[in-house]
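Naming convention: chains lettered A, B, ... in sequence-line order (proteins, then strands); numbering from 1 in each chain. Computed over heavy atoms, backbone and side chain alike; hydrogens, waters and symmetry mates excluded.
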Amino acid sequence: MSRTDERYNVRETEAKWQAIWDERQSFRAREDDPRPKYYVLEMFPYPSGRIHMGHVRNYTLGDVVARYKRACGHAVLHPMGWDAFGLPAENAAIQNGVHPAKWTRENIAAMRTQLKSMGLSYDWSRELATCEPEYYRHEQKMFLDFLAAGLVYRKESWVNWDPVEHTVLANEQVIDGRGWRSGALVEKRLLSQWFLKITAFAEDLLAGLEGLSRWPERVRLMQENWIGRSEGLRLFFDLDGREDRLEVYTTRPDTLFGASFCAVAANHPLAEQLARTDPGLASFVAECNRLGTSEAALETAEKKGYATGLHALNPLAAGQRLPVYVANFVLMDYGTGAIFGCPAHDQRDLDFARKYGLPVTPVVAPKEVDPATLTIGDEAFTEDGVLINSGPLNGLAVAEAKARVIDMMEAKGVGQRAVNYRLRDWGVSRQRYWGCPIPIVHCAACGVVPVPESELPVTLPEDVSFDKPGNPLDHHPSWKHVACPRCGSPARRETDTFDTFFESSWYFARFCSPGETSRGFTRAAADHWLPVDQYIGGIEHAVLHLLYSRVFTRALKACGYLGVAEPFAGLLTQGMICHETYKDAEGRWLFPDQVERRSDGSLVELGSERPVLLGRSEKMSKSKKNVVDPARIIDTYGADTARLFMLSDSPPERDLDWTEAGIDGAFRYVNRLWRMVEAARDALPAPQDPAPASFGPAAVKVRGVTHRTIALVGEDLERFHFNKAVARIRELTNSLADLPPDEAGAPWVLREGLETVVRLIGPMLPHLGEELWSLLGHSQLLIDTPWPAADPALLVEDSVTVAVQVNGKLRGTVDLPKDAPTAVAEAAALAVPAVAALLAGKPPRKVIVVPNRIVNVVV
RNA sequence: GCCCGCUUGAUGGAAUGGUAGACAUAACGGACUUAAAAUCCGUGCGCUUCGGCGGUGCCGGUUCGAGUCCGGCAGCGGGCACCA
């Protein structure tokens, strides 16, 4: 076999370099490293058992950043761990009888092996799993510190209750109002639960967003909307014939004269009180409760109300009596759980008023419209305008009217100016086994007693059974029975565990000192590494995980754990991986491996040859079977090829379409590069050889391309434009392939070019990079080789092609010296035949010259 | 329902308000080969009377000039507090 027929041995080569990096502990991060620190973190995975393409993309992106920053001279911290508590482990226990701990640990082992095959530059010595007591014990301590700091409290809150399984259901487990496993109608139940007082940070969370300049604008917007700060009025309505009053929050106090009803939530104390004596109302409340707890379910349900028969008295318009309804669209968690409705100026109120025949009185008119002719049809008027039909407010603008009404209500003592947030406190209790136990004891005499620090961790018992419905911790024979830490009398452990967002809210800090036993992390390590310089993960975490982490960091700061308020200085949110979907004639989903593409383009089922229906590309999901197993891809093509495909076709924040053709293309490039180096290396000068005295014109051109590519790829990587970086490196590769070998200086330029390609591609194709770097005669590892520097003298081109337009339409181009004077450019443009023809001898009206880019002649 | 995005050739995408389609993928043509694979080279938005004309989801606006900015609409997707 001749040498050029040899193939790049992907498997051996990738394993070889992984072993070398491992042996040398190349990716260990040290705090005493004098270089500037850089902390790159990818969202850690839930250990479901196998990595999926989303992981491959996420971790490839992070690895490129980590390796690039390392080459640029940073001391990089790049850790990985496991978000190991969660529902799937319990579901597996119920379905397959495997213990969640065993299931989770086996999954972690399998996924670790898979991740290692990707050649990621992790400091594996910092690996953590949140389900281990060494991790969660510190979280229990944090909770107790938060409790002592007044950031934690207990209150009743609603959950989805499955009456058959005797469990609380997650929103995703409620399908059409029924439990996903039992099929039983879900009930809402009140449970006493622990809450983190995150609303205390609302203002600070909002203010902090402005400083997060390296976060995507849309994520900041989503968080801002989630926090949902509004300014308005809390006011009391007297209830006709009753002693008590109804407290209402409104952001539209200006529309009070146009009020035509009041409505309270189904869980409002008033509704519950009335329901006791009104069977009709009781059944309406029960119906509302069946809607579940998710906001989407409540908002999309048909808007319904139940007239209580009570009337509220408008504090502004004397004598106006407003019927009081219980309505399914009023949320107990927002404001006071009660509203007044002004149908003319709120669409939902208008729909409600039309449905129940309530009056619609406009009180705000558009500026240019005669109030007398103003009528409200099917659309509420929600814009700014002038007050009408509102006694003393008439003629005022909306903003003025708001202020006036607030002042009037405050003067009367029936209301006050209020800031309200949509953000609610974080309920952290879960009635589940596979989570971190909440370190609390309930004592008949002492009440709620924190577990003393000396008794931490409260570990999960492993001898549990999932045979009985309900929380295994609750019916464990002995675990929950303890002596009260305060008085010693028999007491009961809290059997709830933490929301798994608890673990993921501080793991980035734990990575700073993973071996620390006295506390979650040392202040010194946190001060050194935090904040995370670049965090990378899915857009689906834009609100909850990221917000909780910001909250937790603030709470930890308040308790002296660390000094920063913001955990993530930079954020990159990646898009999803999509794939075509396939169905057989019966409409059953098929895996891509079951489908064969015939040469005529038609699709058939492998084996049976039956026709296959092609569906559009959708997010890869098990339910639609449009998944491709990364393990198979890495096995067949190698990690570098999988990584290259992840980077090359789409910008990271967009969705990526997985195609077999795309992976083939990436594989071809990997092999092409290898062949180029392999074929050229004998003819190249030695690595240290000085540059020859002169270069032929083609060689000069290629050197220019080489150095411009260095500069541009650097910029691309800084901005995470990985697809553009790949495109430019391919362009450089094409230029090198076209370099005439007999040109003066060609071998030297070819070496310079190939070395540049290898160094630039290194963070993306780390195994191939090392292999080629060593083939090119270097003994130092590529990962220890600094990022190349572009020679500024070679970046400038001496002539540029300038576009010539007439009235904005392209009519030709002219080649001009770089930075040619405006007059020269103008003259050259006017000399273009097509331009001269259009001018027909007349002088141009105007000529716009953008140096080195364009000349636009206006006629 | 509310909030947030996205939409450019057959496909993924590129384009500080300045030559739309870089770089790839698929396809087609050619070279090499007994043949195939691999590889290499080439073509590649549509229409055209070969002068040009039209074209970045749709409608309108700003501008010397709009894929890019503004207003409206449509389609698709993400999040909505117990999936992670």
Gap in Å between the two C1' atoms, one belonging to B/G65 and one to B/A20, rounded:
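Nearest-Å result for B/G65 against B/A20 at atom C1': 14 Å.
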When the P atoms of B/G18 and B/C69 are considered, how many whole Å apart are they?
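Nearest-Å result for B/G18 against B/C69 at atom P: 11 Å.
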Atom pairs under 3.5 Å, N or O on each side, protein against nucleotides 54-57 of chain B: can you list them with distances?
unit_1: B/G54; atom_1: OP2; unit_2: A/Lys809; atom_2: NZ; d: 2.9

Between CG of A/Asn471 and OH of A/Tyr433, what distance do you get to the nearest 0.5 Å?
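If we round to the nearest 0.5 Å, A/Asn471:CG and A/Tyr433:OH are 10.0 Å apart.
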Between C1' of B/A24 and CZ of A/Arg668, the distance in whole Å
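After rounding, the gap between these two atoms is 10 Å.
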How close or far is atom P of B/G13 from atom CZ of A/Phe720, stated in whole angstroms?
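Interatomic distance, CZ of A/Phe720 to P of B/G13: 20 Å.
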Close residues, residues 643-656 of chain A, relative to RNA chain B [heavy-atom separation under 4.0 Å]:
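A/Asp649, A/Ser650, A/Pro651, A/Arg654, A/Asp655, in order of number.
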Do the side-chain N or O atoms of [X] get closer than 4.0 angstrom to the phosphate oxygens (OP1, OP2) of [N]?
X        : N     : answer
A/Arg218 : B/C3  : no
A/Asn734 : B/A24 : yes
A/Asn723 : B/A14 : yes

Residue mapping more 5' on RNA chain B - nearest nucleotide basis, A/Ala834 or A/Gly662:
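Final value for this comparison: A/Gly662.
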Side-chain donor/acceptor of A/Asn225 to base of B/C3, under 3.5 Å:
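Result: no qualifying N/O pair found.
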Distances under 3.5 Å between protein N/O atoms and the N/O atoms of nucleotides 15-17 of chain B, please, pair by pair.
unit_1: B/A15; atom_1: OP1; unit_2: A/Lys724; atom_2: NZ; d: 2.3

Distances under 3.5 Å only, N/O to N/O: pair up the protein atoms with those of nucleotides 66-72 of chain B.
none

Letter per nucleotide, 5' to 3', of nucleotides 78-84 of chain B [B base touched, S only sugar-phosphate touched, - untouched; heavy atoms, 4.0 Å]
BSBBBBB
Using a 3.5 Å cut-off on both pairing distances, which stems of three or more Watson-Crick or G-U pairs include RNA chain B?
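Stems for RNA chain B, defined as runs of 3 or more consecutive pairs: B:1-7 with B:74-80, B:10-12 with B:23-25, B:27-31 with B:39-43, B:45-47 with B:52-54, B:57-61 with B:69-73.
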